[in-house]
Amino acid sequence: MKNPWIEAIRLRTLPVSVAGVIAGTACALFFRSFQWIPALCCLLFALGAQIASNFANEYFDFRNGLDRKGREGFRRGVTEGDISPGAMLRATLLTLLLAAIPGCILILWGGWWMLLVGIVVAIFALAYSAGPYPLSHHGLGDLAVIIFFGLLPVTLTAWLQVESAAVVPMALTVGLGVGMLAANVLIVNNYRDADDDRAVGKHTTVVLFGRPAMARVYLMFVIVGCALMCAPAWWMGAIWQFPIVAIIPGIRVWRKMIVASGAELNDILRRTAMTLLLASAILLLESLLSTI
């Protein structure tokens with residue numbers, strides 16, 4: 001059996017956090033600006049917030065009776081008895097505290113309002129699964145992912161390095177594309193768990209609209225998301241639009257998703273996250289070439 005804490009971190013989905021910071025850095029490079037300290041702090045903060053959110057999801061879904069033993073997805077350490085609920089709650093709060101360290105360093109670049117950004121992100125990390133109105137239980141998880149894994153990290157990473165509002169329109173456009181591709185990771189997760197979620201009254205978008213409809217949304221997000229990540233090329237007036245290449249593996253993964261079921265979708269989830277990482281890496285390469 002794998003280490004339950006490693007399973008709780010959900011390594012397959014962490015490329016989502018990395019991709020947002022890479023895309024934001026690429027936007028900054030198009031403005032001939034790169035500052036490695038704020039870029040690194042953004043990366044550490046994003047990873048910490050995502051891991052804390054994953055921990056919180058395990059704890060609160062167990063507490064609310066939404067998980068069952070032997071589920072098809074990631075092994076739930078708390079539900080399976082590998083990790084005590086108290087240990088998972090402490091790990092959630094400790095991870096948020098550790099994420100706050102690089103977050104506070106960003107005050108040196110962004111000013112004291114960065115504290116407000118950090119508080120909002122911390123609230124989201126918990127509110128996704130907890131509180132009187134958990135976002136993931138009411139069909140709002142996809143929107144939350146677009147905002148907190150796309151629009152916010154890309155725009156914030158770019159702005160902190162460029163230190164000018166001029167980069168914001170480009171970063172917001174790229175961030176929306178990143179957010180759509182990140183939301184596809186959640187769609188696959190909910191696609192796999194739809195039957196279990198429906199049984200316990202967890203209303204994800206897949207439960208609300210059905211697998212066929214959300215499979216079409218997945219495909220739309222691949223196409224539109226990759227197109228939006230070409231925004232820097234539009235701004236630069238360039239004829240090359242490299243991130244569009246990621247549509248090819250994205251469609252291939254989609255074709256596998258619509259015929260997969262159960263545990264087979266775990267690999268589709270990993271491939272979906274890697275498609276986003278690939279698109280962001282291509283955008284970064286494009287930005288580096290633009291500086292030559």
Margin query: Starting from Leu276, can I reach Ile248 by hopping between I/L/V/M/F/W/Y residues whose side chains sit under 4.5 Å apart?
Written below: no
Checklist line | Side-chain donor/acceptor of Asn54 to backbone N/O of Ile9, under 3.5 Å | finding: yes
Check: Does Phe221 have any side chain to side chain contact (heavy atoms under 4.5 Å, CB included) partners at least two apart in sequence or in another chain, and if so, which?
Finding: Ile146, Met180, Ala183, Asn184, Ile187, Val217
Next item on the list: Would you check, one step at a time, whether the test side chain to side chain contact (heavy atoms under 4.5 Å, CB included) holds for Met257 with Arg252?
Entry: CA-CA 9 Å; Met257 182 186 82; Arg252 291 181 64 184; over 6 Å; no
Item checked: From CA spacing to verdict: side chain to side chain contact (heavy atoms under 4.5 Å, CB included), Phe149, Val178 -> CA-CA 7 Å; Phe149 288 96; Val178 170; over 6 Å; no
Checklist line | Nearest-0.5 Å distance, CZ of residue Phe45 to CG of residue Leu156 | finding: 8.5 Å
Next item on the list: Say whether Met214 and Leu143 are linked into one hydrophobic cluster, either directly or through other cluster members, by side-chain heavy-atom distances under 4.5 angstrom.
Entry: yes
Next item on the list: Can you see which heavy atom on Pro232 is nearest to which on Phe30, and at what distance?
Entry: CB-CE1, 3.2 Å
Next item on the list: To the nearest 0.5 angstrom, please state how far the CZ atom of Arg271 sits from the CG atom of Asn266.
Entry: 12.5 Å
Checklist line | With Ser53 via side chain to side chain donor-acceptor pair (under 3.5 Å) - residues at least two apart | finding: none
Next item on the list: Would you list the pairs meeting side-chain hydrogen bond (donor to acceptor under 3.5 Å, both in side chains) in which at least one residue belongs to residues 213-232, sequence neighbours left out?
Entry: Tyr218-Thr272
Note to self: Do Leu208 and Tyr191 sit in one hydrophobic cluster, given that two such residues count as connected whenever their side-chain heavy atoms are within less than 4.5 Å of each other, even indirectly?
What the structure shows: yes
Margin query: Applying side chain to side chain contact (heavy atoms under 4.5 Å, CB included), can you list everything that pairs with Pro85, at least two apart in sequence or on another chain?
Written below: Tyr59, Phe62, Val78
Check: Does the side chain to side chain contact (heavy atoms under 4.5 Å, CB included) test come out yes or no for Cys42 and Leu160, once each step is laid out?
Finding: CA-CA 9 Å; Cys42 284; Leu160 285 169; 3.7 Å; yes
Notebook entry, point to check: Atom CG in Leu98, atom CG in Leu93: separation rounded to 0.5 Å?
Noted result: 11.0 Å
Item checked: ILVMFWY network linking Leu94 to Leu44, side-chain heavy atoms under 4.5 angstrom -> no
Notebook entry, point to check: Shortest non-hydrogen contact from Phe34 to Ala39?
Noted result: CE1-CB, 4.3 Å
Notebook entry, point to check: Mind checking what makes side chain to side chain contact (heavy atoms under 4.5 Å, CB included) contact with Val245, not counting sequence neighbours?
Noted result: Ile282
Item checked: Exercise: identify the closest heavy-atom pair between Leu152 and Phe148 -> CD2-CD2, 3.9 Å
Margin query: Give me the atom names and distance for the closest heavy-atom approach of Leu126 to Ala56.
Written below: CD2-CB, 4.0 Å
Next item on the list: To the nearest 0.5 Å, tell me how far Ile268 CD1 sits from Asn189 CG.
Entry: 13.0 Å
Check: Do Ile258 and Trp254 pass the side chain to side chain contact (heavy atoms under 4.5 Å, CB included) test, and can you show the C-alpha distance, the side-chain angles, and the key distance before you say yes or no?
Finding: CA-CA 6 Å; Ile258 59 177; Trp254 168 75; 3.6 Å; yes
Note to self: Could you work out, with side chain to side chain donor-acceptor pair (under 3.5 Å) as the rule, every residue matching Ser17, not counting sequence neighbours?
What the structure shows: Gln50
Check: Would you say Arg255 has more than 12 foreign heavy atoms packed within less than 6.0 Å of its CZ?
Finding: no
Next item on the list: Quick one: pull up CZ in Phe31 and OG in Ser287 and give me the separation to the nearest 0.5 Å.
Entry: 12.0 Å
Check: Can Arg192 and Asp197 be counted as an ion pair, charged N to O under 4.0 angstrom?
Finding: no
Next item on the list: Consider only side-chain heavy atoms of I, L, V, M, F, W and Y, link residues closer than 4.5 Å, and tell whether Met220 and Met229 are in one cluster.
Entry: yes
Margin query: Tell me which pairs pass side-chain hydrogen bond (donor to acceptor under 3.5 Å, both in side chains) where either residue lies in residues 138-150, with sequence neighbours left out.
Written below: Asp142-Thr205
Notebook entry, point to check: Considering residues at least two apart in sequence or located in another chain, which fulfil the side chain to side chain donor-acceptor pair (under 3.5 Å) criterion with Glu163?
Noted result: Gln35
Checklist line | Inter-residue atom distance Ile244.CD1 - Cys230.SG, 0.5 Å rounding | finding: 4.5 Å
Notebook entry, point to check: Within the distance-only criterion (no hydrogens, no angle test), does the side chain of Ser280 pair as donor or acceptor with the backbone N or O of Ala19 below 3.5 angstrom?
Noted result: yes
Margin query: Once side-chain hydrogen bond (donor to acceptor under 3.5 Å, both in side chains) is applied, what residue pairs with a partner in residues 111-136 remain, sequence neighbours excluded?
Written below: Asn57-Ser129
Margin query: Could you report the tightest heavy-atom contact between Ser33 and Val162, atom names first, then the distance?
Written below: OG-CA, 3.7 Å
Checklist line | Pair Asp61 + Lys202, salt bridge at N-O below 4.0 Å | finding: yes
Check: Quick one: side-chain hydrogen bond (donor to acceptor under 3.5 Å, both in side chains) pairs with a partner in residues 151-162, sequence neighbours left out?
Finding: Thr25-Gln161
Item checked: Cluster companions of Val207 among Ile, Leu, Val, Met, Phe, Trp, Tyr (side-chain spacing under 4.5 Å) -> none
Note to self: Holding to side chain to side chain donor-acceptor pair (under 3.5 Å), I want the full list of residues that pass it with Arg90, two or more places apart in sequence or in another chain.
What the structure shows: none
